[in-house]
Protein chains: 2
Amino acid sequence: MPEEPRRQARGQRRMVQLLDAAAVVFAEAGYAKATTNAIARQAGVSPGTLYQFYANKEALAEALAERYRSELAAAHQKAFDPGTAQLPLPELVDRMIRPMVEVNLENPGFKALFGSGDLPDKLTAPTRALQRAVTGRVAEVLAARYPELPTDRLETTAAVATQIFAALLGTIVTTPATHRERWITELNQALVGYLTPLDQRV
Amino acid sequence: MPEEPRRQARGQRRMVQLLDAAAVVFAEAGYAKATTNAIARQAGVSPGTLYQFYANKEALAEALAERYRSELAAAHQKAFDPGTAQLPLPELVDRMIRPMVEVNLENPGFKALFGSGDLPDKLTAPTRALQRAVTGRVAEVLAARYPELPTDRLETTAAVATQIFAALLGTIVTTPATHRERWITELNQALVGYLTPLDQRV
DNA sequence: GACAAACACGAGTAAATGCTCGTATTTTTC
DNA sequence: GAAAAATACGAGCATTTACTCGTGTTTGTC
């Protein structure tokens, strides 16, 4: 087993650069059709160099997914002070949705890793990790709002909400900015509609 | 432009056979990773024979999508007598959902064409046609139930409902039959929740 | 400044894959 | 039953693509 070399400053910059390039190419072509050579070209670097830092395409995807995960976590942290969970449902949902949409707009390629269902087996692992991270966050918020809800019910609800979100995310980000708000509203209504029964049971 | 040969009985059987095989392979591997050679093998036929009937992989996908579209139409026709549109919302939604889930369970590969978002450009055409067909049907039902709803609002709602459906379809069909009903219920609640506000405006 | 480790290059390789083509068999047509 | 059209085969071609490797350059360490 070859051990990781001690990265020097230049190398660390390259790694970031390559991740940026991967994001662009994944966004343009989708994961399956994205070629490692194209990613290297986009980064202004030779294929050999790419492989000096990432063992293969999957490792690249994994690293990118990890980046998104942490950006998402940061965005959510920022949008959530304690007490948010007790807001009226439409506002709570809005606070969950906005940061994710924004992370998405800022990071082309997110959708390519998060959304699609037809990815080769290799990618399912990093993708599922991302999905789980999001679902987990949703579950936390739901747990804060509905403390007496049984765990399994909580998880089901979080999973469904996340999937609804993922489904509409594509439409939202590909829509021209002028009409974007409308679809966000629609997503909000869908989620509020789904969650309202829980509110009334309390 | 080479014209289509007059198919004889044997040829027509082969075409069905190949479509069946394609459905199986698409279901197992997803569209992108499915190889035409594997489809031919699955059909017990040589690659050359496959191409005697379908010009390329895309044509195969198109034909399969068309098959699904007609099966879906038939299933819906059967589930819909006039008056259904005035049923209580949960029942209406149930009547829309069931046949589609069933078509899906009977036709592995449907999801591979309908669900995923990351397909190569070539496939977007047949996929979108399928999506549009489903959305169109949903729009018809909504139009019957909410006659005074403006057209664009109708279409937006139908599109969102269809996407929610598509998102949860994957989970529903991959879940073991024992727990399937639970996810169907969840999908039902999501859609009912989304549509309820429309009901109350009347 | 010398030595090693990390970085960089890019032509090239092996494997995969959509698809072709020459040829042979079966079915239809007359 | 003979010519034509349709069906069938499967080896293999052309292309794509993830990845390698030999070689040269830059950076860090002593």
Side-chain angles (χ1 to χ4, degrees), chain A residues 1-22 25-26 28-64 112 118-123 125-126, chain B residues 1-22 25-26 28-64 112 118-123 125-126:
Chain A
M1 44 190 76
E3 54 183 306
E4 282 283 292
R6 278 187 60 252
R7 299 287 173 208
Q8 30 191 227
R10 183 170 44 144
Q12 293 181 12
R13 261 174 293 148
R14 276 270 181 272
M15 292 185 78
V16 173
Q17 216 175 106
L18 282 165
L19 236 44
D20 291 342
V25 177
F26 283 159
E28 279 173 3
Y31 177 80
K33 294 265 285 188
T35 76
T36 54
N37 284 12
I39 293 171
R41 201 180 324 124
Q42 168 78 24
V45 140
S46 82
T49 297
L50 186 155
Y51 283 94
Q52 203 120 45
F53 298 102
Y54 297 98
N56 49 41
K57 198 176 168 182
E58 186 193 358
L60 208 44
E62 237 162 54
L64 192 58
D118 181 41
L119 303 170
D121 294 349
K122 301 252 181 115
L123 192 58
Chain B
M1 45 189 75
E3 53 183 308
E4 282 283 291
R6 278 188 61 251
R7 299 286 173 209
Q8 32 190 209
R10 183 173 42 147
Q12 293 181 12
R13 260 174 292 149
R14 275 272 181 272
M15 291 185 77
V16 172
Q17 217 175 105
L18 282 164
L19 237 45
D20 291 342
V25 176
F26 284 158
E28 280 173 3
Y31 178 79
K33 295 266 285 188
T35 76
T36 54
N37 285 11
I39 293 171
R41 202 181 323 124
Q42 168 79 24
V45 141
S46 83
T49 297
L50 186 156
Y51 284 93
Q52 204 119 43
F53 297 102
Y54 297 97
N56 48 41
K57 199 177 169 182
E58 186 193 358
L60 210 42
E62 238 163 52
L64 193 57
D118 181 42
L119 303 170
D121 295 348
K122 303 253 182 118
L123 191 59

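Letters go in sequence order (proteins before strands), and every chain restarts at 1. All figures in this text were calculated on a predicted structure; none of them were measured in a lab.
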Participant: According to side-chain hydrogen bond (donor to acceptor under 3.5 Å, both in side chains), does anything in residues 38-47 of chain A pair up with another residue at least two apart or in another chain? List the pairs.
Facilitator: S46(A)-T49(A)
Participant: For nucleotides 9-13 of chain C, list the nitrogen or oxygen atoms of the protein found under 3.5 Å from its nitrogen or oxygen atoms, one pair per line.
Facilitator:
| unit_1 | atom_1 | unit_2 | atom_2 | d |
| --- | --- | --- | --- | --- |
| dC9(C) | OP2 | S46(A) | N | 3.1 |
| dC9(C) | OP2 | T49(A) | OG1 | 3.0 |
| dG10(C) | N7 | S46(A) | OG | 3.2 |

Participant: Just the rounded figure in Å: distance from P of dG18(C) to CD of E58(B).
Facilitator: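 Distance check: E58(B) CD to dG18(C) P gives 13 Å.
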Participant: K33(B) NZ to dA15(C) C1': how many Å, rounded?
Facilitator: 12 Å
Participant: For Y51(B), enumerate each residue passing the side-chain hydrogen bond (donor to acceptor under 3.5 Å, both in side chains) test, keeping only those at least two apart in sequence or located in another chain.
Facilitator: T36(B)
Participant: Starting at the 5' end of nucleotides 24-30 of chain C, put B wherever the base has a protein heavy atom under 4.0 Å, S where only the sugar-phosphate does, and a dash everywhere else.
Facilitator: ---SSS-
Participant: Let me know the distance between CG of L50(B) and C1' of dC21(C), rounded to the nearest Å.
Facilitator: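 The answer, rounded to whole Å, is 16 Å.
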Participant: Take the protein atom CZ of F53(B) and the nucleotide atom C1' of dA5(D), then report the distance between them rounded to whole Å.
Facilitator: 13 Å
Participant: Both T35(B) and G11(A) contact DNA chain C. Which one's nearest nucleotide lies toward the 5' end?
Facilitator: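 The residue closer to the strand's 5' end, by nearest nucleotide, is G11(A).
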Participant: Quickly work out the M15(B) CE to dA8(D) P distance and round it to whole Å.
Facilitator: 11 Å
Participant: Please enumerate all residues that pass salt bridge (Lys or Arg N to Asp or Glu O under 4.0 Å) together with R7(A), with sequence neighbours excluded.
Facilitator: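 Per chain and number, R7(A) pairs via salt bridge (Lys or Arg N to Asp or Glu O under 4.0 Å) with E4(A).
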Participant: Just distance, no hydrogens or angles: give the donor-acceptor pairs under 3.5 Å from side chains in residues 8-19 of chain A, sequence neighbours left out.
Facilitator:
| unit_1 | atom_1 | unit_2 | atom_2 | d |
| --- | --- | --- | --- | --- |
| R14(A) | NH1 | Q17(A) | OE1 | 3.0 |

Participant: In Å and rounded to the nearest 0.5 Å, what is the CD1 to CG distance from I39(A) to D20(A)?
Facilitator: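 I39(A) CD1 to D20(A) CG: 12.0 Å, rounded to 0.5 Å.
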Participant: What are the two closest heavy atoms between V25(A) and A38(A), and how far apart are they?
Facilitator: CG2-O, 4.1 Å
Participant: Side-chain N or O of T36(B) less than 4.0 angstrom from OP1 or OP2 on dC19(C)?
Facilitator: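 No, no such contact exists.
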Participant: I'd like to know whether Y54(B) forms a side chain to side chain contact (heavy atoms under 4.5 Å, CB included) with E62(B), so could you lay out the CA-CA distance, the side-chain angles of the two residues, the decisive distance to 0.1 Å, and finally the verdict.
Facilitator: CA-CA 10 Å; Y54(B) 297 97; E62(B) 238 163 52; over 6 Å; no
Participant: Would you kindly give the CD1-to-C1' distance between I39(B) and dA16(C), to the nearest whole Å?
Facilitator: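 The answer, rounded to whole Å, is 15 Å.
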Participant: Is K57(A) positioned over the aromatic face of Y31(A), cation under 6.0 angstrom from the ring centre and no more than 45 degrees off axis?
Facilitator: yes
Participant: From CZ of R13(B) over to C1' of dT7(D), roughly how many Å is that when rounded to an integer?
Facilitator: 11 Å
Participant: How many Å lie between OH on Y51(A) and P on dC7(C), as a whole number?
Facilitator: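 Interatomic distance, OH of Y51(A) to P of dC7(C): 18 Å.
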Participant: Base, sugar-phosphate, or nothing: which does A34(A) touch, judged by heavy atoms less than 4.0 Å apart?
Facilitator: sugar-phosphate
Participant: What's the shortest heavy-atom distance between A22(B) and L64(B), and which atoms?
Facilitator: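 Closest approach of A22(B) to L64(B): C-CD2, 4.3 Å.
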